[in-house]
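Notes for the one structure printed next.
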Amino acid sequence: MNKASMGRPFASGNVAPLQIDQEAEQTAFLRQYGMLFWRWRKVVLGALAACVLIGLVITLLMTPQYTATSTIEISRDSNKIVSMQGVEQDATDADQEFYQTQYGLLRARSLAERIASDLKLADDPAFFALFDADKDGKLFSTAGGRAAPIASREERLRAAGSLLLENLRVSPARMSRLVDISFTSPDAALSQKVANSWAKSYIQSNLERRFEASSYARNFLESRLQQLRVKLNESERDLMTYAREQRIITLPGAGKDGSEQSTIAYDLVALNGALASATSDRVTAQARYDANRARPGETSEALDNNALNVMRAKRSELAGEYSRLLTQFEPEYPAAMALQRQIAQVDRSINREESRVGGAIQAAYRTALEREQALQEKVSGLESSFLDQRRRSIQYRVLEREVDTNRQLYNALLQRYKEIGIAGGVGTNNIAIVDLSDLPLRPSSPRLLLNLILAIAAGLALGGVLAFLLDQSDETISDPSEAERLIGLPLLGSVPKLGVGTTPSEALLDRKSALVDAYLAVQTSLQFSTERGMPGSIAVTSTRPAEGKSTTALALATLLARAQRKTVLIDGDMRSPSIHHLIGTNHDRGLSNYLAGNSTAEELLIPVEMFGFTAITAGPIPPNAAELLTGNRLSALIEELLKTFDHVVIDAPPVMGLADVPLIAGRVEGVVYAVESHGIRASLVRTALARLSSSSSRILGVVVTKFEPKRANKGYGYTYGYDYGQEKKKRSTLGI
């Protein structure tokens, strides 16, 4: 953890680092795409300029269009002038299909053709000329130039309706019942006329559709009513004939629900009620009779009898007096005997009265029993008659139900027929015009500002797509960091592209140049490439010519010499030598002479004082350089030179198409591979490296040459932005 992070504690645990990582990823993501656009800015700006130019030209060439808009209100329910409903079912609040149906009807082809017919547009050549709809002249003239026959008017009407629909826009207002009907055309008056006519014609067609539906329903119901009337009369005649033949007599309204009832059923119901009442009376009388037989004198009739109550009271008084006399006298005492005779007389009177009450109870019981039995016999007789009549009434009920069904159907259809007749004649409508269109004074299109905005958006989108496609298809190394991923070799360093008019020799002689700094970084990386540090013998090659391999070899030799290392630079490209140009000499004698056995190494050494190293040029160009390299002369040369020099740097030829590089690479300790930034595809580099793999050579790494930070994907503008002399420039700017 650095000092800055130690001095700024996180808010809660590990949340802050996670947030920082996410913000860093988002920043890197935006920076990556920003650099992608910057890299292909010319493509993006070109696409943007092209789209803006095309949009501007199209806008200026477009014919002005005028849009007229009328507004209508579509209600779910029409005003209820009468309580009857029409044929069409009213829509509910949850029925969104109603409004979708209305919007579809507004764009109906039949409505468009009706408007075209009302406004006589089908017979107006100027109308078709406004929309360039009759370029070939088939609607108003034949092949011979004669006028079109009358039979083609239907075709013109259909074409006019199609034109109207193509330029019509139906726009429902959100959360309301309002609908805007807009028509656009090059003629402002025509747009107003069509928009207003569309609203009025839609209302009229809606009324006609309702009336036609009611008219069809009335005609249908009239035929059905006539059929049901005949059928009802026939069923009533059949019912009366059967009732007369079977002598089935019914009483209207005798049933509980007010329906008809037969006389037998009516009598049976009445007798059943009387029998139930008689049975109840008989049960009550029998209960009193049984109670009197079990406990005479204790029945309710006996207890409620006044005479018995008086006699019982009198007997109680006599019994009391008799008991008092017996306390003083014997039972034979005359007064006592007289009381005893009176008590006996009262007892006889009580018994006679109780016998009379019991006889009355028995008589009432017998009367109730006889009445019940008589009613039971009558009910049994009526039941037999009722069952017989019921058997005969089965067919009667069938015929009666048929009559009721026919009557109900007839009454229902008759009622509906009357309602439709009234509802259809009222002419209610659920559509109303809110605003008619005014004459448009300004064109609705083209809109220059809107079209330019759309053109800019389209240009940016097109440029972004092109930049993305070009970036995905670009296999060149744009960033040094991509070298290891695309090529599979470690990155030794990146070298900037020299400015215009600056040669590699001039840049290397300037110890403060960016080129020297870049190759110092490469030299530092090479010092860590082997266990012994900087390899003794190094070959510098590339995939193809002009990728900066010779400059790299010259720079490595120069920097090693400045590091007080004795270095010799050999121009190994005997097919197209270039080192002699860089050091300002010729190649009359060089490597080819040594490999051919015509010279010794000491004879070929050329001191290069301005760079501080010794050089061996390529020598005369041989007929076949590969044959000279197949022997052991190159290995012997390197061994001989390493006895005197610390390092041997060979500027090898390119790999592709030549057999020289594998022969040279197998003789040195390591190979430095130069790759031109923004110039060569990675697939070619991989193919060249595959050829080198067969020579048992050791590739130390890759040097990205001619690198332009501004063209990098991820941005390396800071890499070479700081240079020697910045402080001096700043001081001069400040006037110090």
Side-chain angles (χ1 to χ4, degrees), residues 65-119 121-122 131 133 157-185 190-218 220 416 419-420 423-438 440 444-445:
Q65 302 289 324
Y66 296 87
T67 300
T69 302
S70 58
T71 304
I72 62 173
E73 179 188 6
I74 302 177
S75 303
R76 288 188 178 92
D77 300 322
S78 59
N79 297 328
K80 295 295 184 180
I81 300 178
V82 294
S83 61
M84 294 79 170
Q85 295 182 351
V87 175
E88 296 180 345
Q89 184 180 3
D90 293 332
T92 61
D93 292 342
D95 190 7
Q96 295 299 326
E97 295 180 359
F98 171 76
Y99 283 110
Q100 297 300 327
T101 302
Q102 298 302 314
Y103 304 151
L105 292 175
L106 275 170
R107 296 189 57 86
R109 181 177 58 85
S110 58
L111 180 60
E113 293 179 0
R114 174 176 181 169
I115 295 171
S117 178
D118 293 343
L119 299 179
L121 300 178
F131 301 97
L157 186 62
R158 186 177 295 106
S162 299
L163 285 177
L164 292 178
L165 288 176
E166 290 175 2
N167 295 275
L168 177 76
R169 186 176 72 252
V170 177
S171 305
R174 289 178 56 85
M175 306 301 293
S176 71
R177 296 177 293 184
L178 301 179
V179 180
D180 292 335
I181 303 174
S182 303
F183 185 79
T184 303
S185 72
L190 177 64
S191 298
Q192 179 191 24
K193 189 186 302 182
V194 172
N196 293 337
S197 178
W198 208 287
K200 297 175 182 178
S201 298
Y202 176 64
I203 294 176
Q204 187 63 30
S205 64
N206 184 64
L207 290 173
E208 292 177 358
R209 188 168 55 254
R210 287 172 175 263
F211 180 80
E212 289 175 359
S214 299
S215 177
Y216 172 79
R218 285 197 303 272
F220 173 76
R416 185 59 174 162
E419 291 178 357
I420 291 175
V426 170
T428 58
N429 189 30
N430 62 330
I431 303 170
I433 296 177
V434 178
D435 289 319
L436 288 175
S437 172
D438 294 331
S444 58
S445 66

When every non-hydrogen atom of Leu168 is compared with those of Leu106, the smallest separation belongs to CD2-O, 4.0 Å
Within the structure provided, determine whether Val194 and Asn167 are in side-chain contact (heavy-atom separation under 4.5 Å).
no
Reported CG-to-CG distance for the pair Asp435 and Leu178, which is rounded to 0.5 angstrom:
9.0 Å
For a quick test of reading the model, state the closest non-hydrogen atom pair linking Phe98 to Ile74 and the distance between them.
CE2-CG2, 4.1 Å
Between atom CD of Glu113 and atom CG of Leu165, what is the distance when rounded to the nearest 0.5 Å?
8.5 Å
Do Tyr103 and Pro172 come within less than 4.5 Å of each other through their side chains, counting heavy atoms only?
yes
Heavy-atom closest pair (Leu157 atom, Ala116 atom, distance to 0.1 Å) is CD1-CB, 3.9 Å
Does either side chain, that of Ser437 or that of Ser70, offer a donor lying less than 3.5 Å from an acceptor on the other one?
no
Show the nearest heavy-atom pair for residues Leu163 and Phe131, with the distance to one decimal.
CD2-CB, 4.0 Å
Interatomic distance, OH@Tyr99 vs OG@Ser75, rounded to 0.5 Å, equals 6.0 Å
Over all atoms of both residues, closest heavy-atom pair of Ser191 and Tyr66
OG-O, 2.9 Å
Can you tell me how far apart OG (Ser201) and CD1 (Ile115) are? Round to the nearest 0.5 Å.
4.5 Å
Quick one: pull up OG in Ser110 and CZ in Arg114 and give me the separation to the nearest 0.5 Å.
9.0 Å
Taking the side chain as C-beta and beyond, is there a heavy-atom pair between Asn196 and Ile433 under 4.5 Å?
no
Taking C-beta and beyond as the side chain, do Phe183 and Lys193 meet within less than 4.5 Å on heavy atoms?
no
Close side-chain approach of Gln102 and Ile431, heavy atoms under 4.5 Å:
yes
Leu111 side chain near Leu105 side chain, heavy-atom distance below 4.5 Å:
no
Going by the rule side-chain hydrogen bond (donor to acceptor under 3.5 Å, both in side chains), which residues pair with Gln65 if we only count those two or more places apart in sequence or in a different chain?
none
To the nearest 0.5 Å, atom OG1 of Thr69 lies from atom CG of Leu436 at 12.0 Å
Is there a side-chain contact between Leu164 and Trp198 (heavy atoms, below 4.5 Å)?
yes
